[in-house]
Peer 1: 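Got a structure for you, written out below as structure tokens; questions coming shortly.
Order of the sequence lines sets the chain letters (A, B, ...), proteins ahead of strands, with each chain counted from 1.
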2 protein chains.
Amino acid sequence: MAYHHGQLREAVLAAAVEVIETGGLGTLSLRDLARRAGVSHAAPAHHFGDRAGLLTALAAEGYRLLADALTAAGDDFREVGVAYVRFGVTHRAHFEVMFRPDLVRADDPELVEAQARASAILYGGAASIRADARTTGLAAWSLVHGFTTLWNAGMLPDDLGDVDAAARRIAATLFPDPHLSR
Amino acid sequence: MAYHHGQLREAVLAAAVEVIETGGLGTLSLRDLARRAGVSHAAPAHHFGDRAGLLTALAAEGYRLLADALTAAGDDFREVGVAYVRFGVTHRAHFEVMFRPDLVRADDPELVEAQARASAILYGGAASIRADARTTGLAAWSLVHGFTTLWNAGMLPDDLGDVDAAARRIAATLFPDPHLSR
DNA sequence: TTCCCATCTTGTCAATGGCTAGATGTGGGT
DNA sequence: ACCCACATCTAGCCATTGACAAGATGGGAA
């Protein structure tokens with residue numbers, strides 16, 4: 001093992017995702033991540049400062065991935081919502097950290113930029129719908145965010161089947177008319 | 001200070017609510033709660049077992065309070081939703097723990113009973129609406145739950161004003177017609 | 001009274017986050 | 001080619017925490 005890991009930052013972030021994904025945020029330990037990466041227990045601190053710094057980096061990465069996912073979803077507002085849900089359930093670790101301001105450094109420049117990009121896409125889609133775009137946009141965001149949260153928490157009935165299909169049904173409740181949502 | 005505190009369980013739960021409400025779940029420490037109650041560091045363990053036990057008791061209390069709040073909201077389904085949001089923002093500590101299965105003992109009998117009572121009220125209200133009661137109910141739950149979560153996380157614009165009014169506007173987006181929702 | 005048991009205390013241990021000082025490699029400037 | 005500044009990583013330390021074990025205390029029931 002070389003003295004310099006070389007990719008320690010990426011390795012630690014990847015390990016953090018895996019740990020959170022399997023054991024939850026409570027089982028996340030900086031020292032454990034260091035062990036997984038094969039470095040000393042204080043090595044991660046150089047890249048992230050402290051625990052909040054690590055989670056901040058994770059959240060920023062999450063917002064970037066979310067922005068990409070929403071962009072790729074196209075122009076149909078309902079499909080953007082479905083993409084939001086799909087992102088949340090396939091990136092549980094990122095998603096869990098992204099909306100926990102108590103765990104991250106909210107003023108981190110990298111975080112605020114990634115956050116701004118994702119927000120712009122999210123709000124931009126809502127601007128083209130109905131009369132009161134704002135209330136409608138907030139309702140849509142609340143709907144997909146709540147569904148994702150409840151799904152991830154395992155609070156929903158377990159016979160809903162595929163996430164995409166279930167999310168699409170939920171979204172259709174708020175936007176019954178497909179062609180209104182472009 | 002008497003050898004027996006007498007109300008230690010209640011005192012610890014109340015202190016936990018205060019700590020979580022001000023500093024978040026991350027600042028919660030069993031030893032700190034013991035200090036606040038004026039007992040030794042191991043005293044709470046007798047009542048709750050471990051950290052998960054304490055949070056389980058908190059969650060169960062939360063479900064009981066939620067069930068009461070929803071019942072008191074009356075028959076108008078939209079007002080039940082508003083009551084859900086109001087509960088979530090005025091009982092942040094309870095609300096935060098209630099939907100975190102990774103932090104609580106999901107099989108605790110006290111918890112499952114309280115949970116069942118709240119669920120019955122929640123789903124019962126949805127049964128009287130529209131054709132596909134289930135999808136509609138899930139959408140409504142997702143909507144109010146997501147709004148509450150985002151509100152508590154401080155992710156929403158800060159010029160929304162009163163929580164009740166904002167929640168009512170959001171709920172009206174999903175249920176535009178008042179008299180359909182009874 | 002006497003005994004059982006719920007309640008609480010004291011002591012201990014491993015694990016963790018964060019800090020400081022120092023070691024090690026790497027790349028740029030001259 | 002040399003040297004030095006800096007980024008990276010190590011080693012050691014400390015306070016705090018959660019969990020456990022053993023014992024002290026006191027109330028209530030037989």
Peer 1: Would you please name every residue forming a side-chain contact (heavy atoms from CB on, under 4.5 Å) with B:H46, sequence neighbours left out?
Peer 2: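 By the side-chain contact (heavy atoms from CB on, under 4.5 Å) rule, B:H46 matches no residue at all.
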Peer 1: Tell me: NE2 of A:H47 to C1' of D:dT8, nearest whole Å?
Peer 2: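 That distance rounds to 6 Å.
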Peer 1: Taking side-chain hydrogen bond (donor to acceptor under 3.5 Å, both in side chains) as the cut-off, I'd like each qualifying pair that reaches into residues 87-96 of chain A, sequence neighbours left out, listed once.
Peer 2: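 Those involving residues 87-96 of chain A are A:E61-A:H94.
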Peer 1: So which pairs with a foot in residues 79-88 of chain A pass side-chain hydrogen bond (donor to acceptor under 3.5 Å, both in side chains), sequence neighbours left out?
Peer 2: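 Sorted pair list: A:E79-A:R168, A:Y84-A:W141, A:Y84-A:H145, A:R86-A:D164.
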Peer 1: Under the side-chain hydrogen bond (donor to acceptor under 3.5 Å, both in side chains) test, which residues partner A:D159, sequence neighbours left out?
Peer 2: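 Partners of A:D159 under the side-chain hydrogen bond (donor to acceptor under 3.5 Å, both in side chains) test: B:R134.
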Peer 1: Send over the distance from B:R36 CZ to D:dT17 P, rounded to a whole Å.
Peer 2: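 Nearest whole value for this atom pair: 11 Å.
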Peer 1: Where is the tightest heavy-atom contact between B:A139 and A:L143, given as atom of each residue plus distance?
Peer 2: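 For B:A139 and A:L143, the tightest heavy-atom pair comes out as O-CD1, 3.2 Å.
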Peer 1: OP1, OP2 of C:dC8 versus side-chain N and O of B:H46: anything below 4.0 Å?
Peer 2: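 False: B:H46 side-chain N/O out of range (4.0 Å or more) of C:dC8 OP1/OP2.
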Peer 1: Give every residue pair that meets the side-chain hydrogen bond (donor to acceptor under 3.5 Å, both in side chains) criterion with at least one member in residues 11-33 of chain B, sequence neighbours excluded.
Peer 2: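 Residue pairs with at least one partner in residues 11-33 of chain B: B:D32-B:R36.
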Peer 1: To the nearest Å, give me how far apart CZ (B:R9) and C1' (C:dA6) are.
Peer 2: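 Roughly 14 Å, once rounded to whole Å.
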Peer 1: Encode nucleotides 13-21 of chain C as B, S and - characters from 5' to 3', where the letter depends on protein heavy atoms closer than 4.0 Å: B to the base, S only to sugar-phosphate, - to neither.
Peer 2: ---SBBB--
